[in-house]
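For reference, the structure discussed in these notes is given below.
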Amino acid sequence: MTAGSTNGVNGSKALSHPLGPLSGDEIVHASSLVKGAWPEKVDLYFRVITLREPAKAELVPYLTAERAGQPTPSIDRRAFVVYYFRGTDKLHEAVVNLTTKTVERNVRLGLFTHPNSDGDEIIAVEKALLAHPDVQAEIAKLKLPEGTVLVADPWIYGSDGLKDGKFFDDKRVMQCFLYMRDPNNSSEPDSCHYSFPLPISPVINPATLELVRIDILPTGHDEKITPVQPWKSVPPNEYIPEAQPSLRTDLKPLHVIQPEGASFTVTPFSEMGKLIRWQKWDFKVGFNQREGMVLYDVHYDERPLFYRLSLSDMCIPYADPRTPYHRKAAFDLGDAGAGIMANNLGLGCDCLGSIYYISGVLADGQGQATPMPNVICVHEQDAGILWKHTNYRTNRAVVVRNRELVLQTILTVSNYEYILAFIFNTAGDLTYEARATGILSTSPVDLSLAKTPHPFGTVVHPGVLAAFHQHFFSLRIDPMISGHGNTIQYDEAHPLPVDPNLNPHGVGYIVKPTRIFTSGGFETAPQHNRTFKITNLSVRNPVNDSPVGYKIMIPPMQPILASPSSFHYKRAEFADKALYVTKHIDGELYAGGLYTNQSRGGDGVRTWAARSDDLSGGDPVVWVQFGINHVPRTEDFPVMPMEMIKVMLRPVNFFERNPAGDVPESRQGVNRSVLVGGDGKGVGELEEGVEGVTLGGEGERLKECCGGHGGV
């Protein structure tokens with residue numbers, strides 16, 4: 001059997017697999033079956049059409065047989081579908097059996113349940129609000145320069161539980177923040193409009209495009225609202241290269257080349273799914289609307305490690321308590337989707353070296369297939385030294401470089417970018433890395449307050465306030481370390497009391513293990529070096545008889561600062577603990593719950609952990625939280641240098657010895673490094689004119705995006 005076309009549409013005799021992302025044909029098939037359940041005149045607006053993964057009890061025997069080369073059991077393909085009656089708030093959820101061509105479930109959802117938004121809706125909201133006469137009347141009070149171009153950022157409204165006249169936030173609405181381009185260069189579409197925030201914030205019903213109300217924003221240090229005043233001129237602050245006074249000319253090219261090609265292989269396991277093999281690792285890669293990149297069936301040297309890995313959720317709660325900012329909290333995966341926000345990655349820009357691109361296909365509002373080219377780049381990189389030892393007696397040094405395999409995707413969520421990657425190395429480590437960059441979401445502040453510290457943010461430009469906020473990520477780990485039936489424990493280091501016999505000098509300490517028997521939430525306790533481990537008690541290390549395992553290396557994180565009584569806290573069910581452990585239940589995939597748009601809590605990992613499920617049956621799921629408390633700096637504007645944070649999964653007594661002992665040592669004859677003098681010029685340069693190399697993949701367009709404005 002052969003793989004279908006690169007966008008998953010009209011593939012012939014396509015490979016099928018229970019974990020394969022939906023193809024374009026399957027998306028169209030699913031939407032057609034749902035449309036067929038209603039009269040022809042009913043216009044449906046689809047929000048999600050994605051793979052409904054099989055139950056774990058079904059899938060584990062399938063994967064076991066597949067790996068053993070045995071016949072696999074038959075598993076029906078299903079799609080999960082969320083849709084509206086267009087122009088209404090009538091939200092429905094359906095499960096479609098693509099194998100039997102039937103709609104197995106089709107229900108209308110109740111109050112306070114709202115799905116993700118999409119690009120078409122956001123554009124329609126922006127267009128409608130800027131054309132509304134009431135909004136135009138407020139804008140007129142600003143007396144903006146002639147020819148000014150306005151820009152709107154529609155935000156998910158959030159929740160506060162308050163009624164305002166006839167309005168209650170059970171209806172799905174959007175809070176829209178207004179900006180303008182540099183009025184002296186309004187024809188520049190890439191002008192940094194966040195340098196020009198305006199104090200007018202319309203609230204729009206995105207289903208009907210009706211104006212709910214217009215909020216006037218506070219611009220001082222408190223809740224006080226002043227009438228809209230004529231705008232006062234401020235300078236621009238641009239990030240695009242052609243707007244800079246000058247660009248550096250002394251940064252010389254750095255080429256990443258692999259003259260013999262890359263060390264990994266990529267083959268299809270389904271029409272849209274990829275199987276990657278690299279340095280004893282093998283795993284399946286999927287891509288969906290909500291999570292973006294998902295890894296399945298991860299093995300090292302034929303030993304099972306992880307059943308499923310994904311970024312489960314994100315939340316960015318803002319700290320400004322003034323209305324309407326008190327509702328400002330972005331759930332980027334649930335409110336929009338990592339898949340639908342994924343960038344078309346550029347060769348030589350987003351990924352360097354010998355690159356393989358993985359593309360996806362998602363559904364649009366009409367239920368048609370939308371190709372998503374180049375959403376994941378796969379490449380190798382050198383990450384410094386993995387291990388080294390010099391025998392001082394012989395002066396012989398053995399050095400092994402840390403070669404890594406990177407799977408990277410990049411999301412643009414309105415103003416912010418998130419660079420997300422799974423990183424593998426030759427020592428059995430698996431790292432999840434998140435980098436935050438992009439542009440701060442800004443608000444107006446009185447020019448007279450520029451030099452006065454603001455209680456809720458940082459003034460980053462005249463008239464521009466960047467509010468304090470936190471970024472929380474939740475990594476979902478469904479483990480199978482040396483097989484299913486894993487346990488979770490944490491180890492702590494505690495000092496031994498001074499004892500005249502055992503510890504007379506007071507230097508001893510012990511490591512105490514504690515097994516987690518019941519679902520719950522846990523902190524990292526760095527004062528005790530608390531280290532969480534996933535172990536398999538039935539498989540022992542032959543050297544020391546310890547259970548084989550992987551430890552979870554979690555960076556320090558300040559939990560959510562919002563009060564437990566707040567909707568920020570109630571909604572972000574994962575942001576209060578560094579780690580949650582729950583019992584596996586099919587469908588519990590998202591730490592913030594299935595529907596985060598204007599959610600109110602009660603559905604998410606905190607709620608699931610509170611069941612106090614017995615974990616002795618050996619089917620735990622681990623939810624690892626990590627994040628950043630972003631206190632903005634002037635250096636973060638007009639575009640933020642990336643801030644990086646990582647979670648590492650590292651073997652503990654899983655191998656009998658260093659698994660990277662068989663990696664060839666680093667040699668100059670292979671690496672071909674070049675000596676340079678004090679002037680930076682090389683002595684014996686490598687070949688000139690070597691450019692980045694693409695290994696192909698299904699990307700429809702490999703764009704060169706770095707040239708034109710002095711890029712390196």
Check the pair S191, E238 against side chain to side chain donor-acceptor pair (under 3.5 Å), reporting the backbone distance first and the verdict last. CA-CA 6 Å; S191 174; E238 305 288 9; 3.0 Å; yes

Whether the E66 and H17 side chains hold a donor-acceptor pair (N or O, under 3.5 Å, no angle test) is what I'd like checked. yes

Evaluate the criterion side-chain contact (heavy atoms from CB on, under 4.5 Å) for residue pair E433 and I419; output intermediate values, then yes/no. CA-CA 8 Å; E433 177 187 279; I419 305 166; 5.6 Å; no

For I481 against G549, the heavy-atom pair lying closest together: CG2-CA, 4.0 Å

Expected output: side-chain Y418 to main-chain A338 donor-acceptor under 3.5 Å: no

Within the 4.5 Å heavy-atom criterion, are V378 and I358 side-chain neighbours or not? yes

Please check if the side chain of T50 supplies one atom and the backbone of F80 the other of a donor-acceptor pair under 3.5 Å. no

Going by the angle between their ring planes, with limits at 30° and 60°, are Y550 and F306 parallel, tilted or perpendicular? perpendicular

Could you check D332 against L411 for side-chain contact (heavy atoms from CB on, under 4.5 Å), going step by step and ending with a plain yes or no? CA-CA 9 Å; D332 292 330; L411 321 181; 6.0 Å; no

Output the distance between atom CZ (R672) and atom CD1 (I257), rounded to the nearest 0.5 Å. 6.5 Å

Is there a side-chain contact between V622 and F532, using heavy atoms and a 4.5 Å cut-off? no

Could you pull out the closest heavy-atom pair between I628 and E643, with the gap in Å? CG2-OE2, 3.5 Å

Would a 4.5 Å heavy-atom cut-off, applied to side chains only, mark T431 and E404 as touching? no

Is the closest side-chain heavy-atom distance between I49 and S31 below 4.5 Å? yes

Nearest heavy-atom contact between V298 and L309 is CG2-CD1, 4.3 Å

So I27 and Q368, do their side chains get closer than 4.5 Å, heavy atoms only? no

If I take atom CE from residue M272 and atom NZ from residue K274, how far apart are they, to the nearest 0.5 angstrom? 7.0 Å

Do R308 and L589 have side chains that get closer than 4.5 Å, going by heavy atoms? yes

E417 side chain to V413 backbone, donor-acceptor under 3.5 Å: no

Taking the inter-plane angle between the rings of H584 and Y307 on a 0 to 90° scale, is it parallel (under 30°), tilted (30 to 60°) or perpendicular (over 60°)? perpendicular

Check: H471 side chain, H469 main-chain N or O, donor-acceptor pair, under 3.5 Å: no

Taking Y356 for the side chain and I376 for the main chain, is one N or O donor matched with an acceptor at less than 3.5 Å? no

Pick one: which of N116, T596, N597 meets side chain to side chain donor-acceptor pair (under 3.5 Å) with D335? T596

State, yes or no, whether a side-chain contact exists between D153 and H193 at a heavy-atom distance under 4.5 Å. yes

Run the ring-centre check on W281 versus F422 and record whether the distance is less than 6.0 Å. no

Given 3.5 Å as the limit, does a donor-acceptor pair link the side chain of D313 with the main chain of S474, or not? no

In Å, rounded to the nearest 0.5 Å, how long is the span from CG of N344 to CG of N374? 4.5 Å

Verdict with reasoning, D382 to N671, per side-chain contact (heavy atoms from CB on, under 4.5 Å): CA-CA 11 Å; D382 180 277; N671 295 332; over 6 Å; no

With a 3.5 Å distance limit and no angle check, can you tell me whether E53 reaches the backbone of L51 through a side-chain donor-acceptor pair? no

CG of L430 to CE of M648, rounded to nearest 0.5 Å, is 9.0 Å

Hey, what's the ring geometry for F283 with F424, parallel, tilted or perpendicular (30° and 60° as the breaks)? parallel

Rounding to 0.5 Å, atoms SG (C315) and CG (L333) come to a distance of 11.0 Å

Taking it one step at a time, do R650 and D429 satisfy salt bridge (Lys or Arg N to Asp or Glu O under 4.0 Å)? CA-CA 5 Å; R650 166 161 275 196; D429 299 334; 2.7 Å; yes

Within a 6.0 Å radius of atom CD on E635, are there more than 12 heavy atoms belonging to other residues, nucleotides or ligands? yes

Taking CZ in R401 as the centre, count heavy atoms belonging to other residues, nucleotides or ligands within less than 6.0 Å. Is the count above 12? yes

Over all atoms of both residues, closest heavy-atom pair of A591 and S312: N-OG, 2.7 Å

Look up atom CZ in R435 and atom CD in Q408, then write down how far apart they are to the nearest 0.5 Å. 7.0 Å

Is there side-chain contact between P638 and Y194, with at least one heavy-atom pair below 4.5 Å? no

Taking it one step at a time, do V621 and I477 satisfy side-chain contact (heavy atoms from CB on, under 4.5 Å)? CA-CA 6 Å; V621 175; I477 304 169; over 6 Å; no

Nearest heavy atoms of E121 and D118, plus distance in Å: N-OD1, 2.8 Å

Under the 3.5 angstrom rule, does the side chain of N415 hit a backbone N or O of I439 as a donor-acceptor pair? yes

R476/E588 under salt bridge (Lys or Arg N to Asp or Glu O under 4.0 Å): CA gap, chis, key distance, verdict: CA-CA 10 Å; R476 183 182 183 275; E588 291 185 351; over 6 Å; no

Does a sphere of radius 6.0 Å around CZ in R303 hold more than 12 heavy atoms from other residues, nucleotides or ligands, not counting ones at 6.0 Å or beyond? yes

Determine yes or no for a side-chain-to-main-chain donor-acceptor pair under 3.5 angstrom, with S195 supplying the side chain and N237 the backbone. yes

Just by modelled atom types, is the A660 backbone N or O under 3.5 Å from a matching donor or acceptor in the W387 side chain? yes

Ring centroid separation Y590 to F331 under 6.0 Å: no

